[in-house]
Amino acid sequence: MANNVQITLLDRTPVNDELVYRAISGIVAGWMTNTTTIKAADVKGFIQQILNL
């Protein structure tokens, strides 16, 4: 799943920082409620992609 996601570099603004924070929070919350469908490796890879921007 995470390999098929393209991430666009956002300008560092408070609004974009909040967007990234909420996206990561939502991904982790979704994974925690559905660990059988969403794999931990996908979550880890996606978060690493976001944090490496």
Which distance, rounded to the nearest 0.5 Å, do you find between the OG1 of Thr13 and the CG of Leu19?
-> 9.0 Å
Rounded to the nearest 0.5 Å, what's the gap from CD1 on Ile47 to CH2 on Trp31? Could you check?
-> 8.5 Å
Can you list the residues that meet the side chain to side chain contact (heavy atoms under 4.5 Å, CB included) rule with Thr33, with sequence neighbours excluded?
-> none
For Phe46 and Ile27, which heavy atoms make the closest approach, and how far apart are they?
-> CE2-CD1, 2.7 Å
For residues 21-30, which residue pairs qualify under side chain to side chain donor-acceptor pair (under 3.5 Å), counting only residues two or more places apart or in two chains?
-> Glu18-Arg22
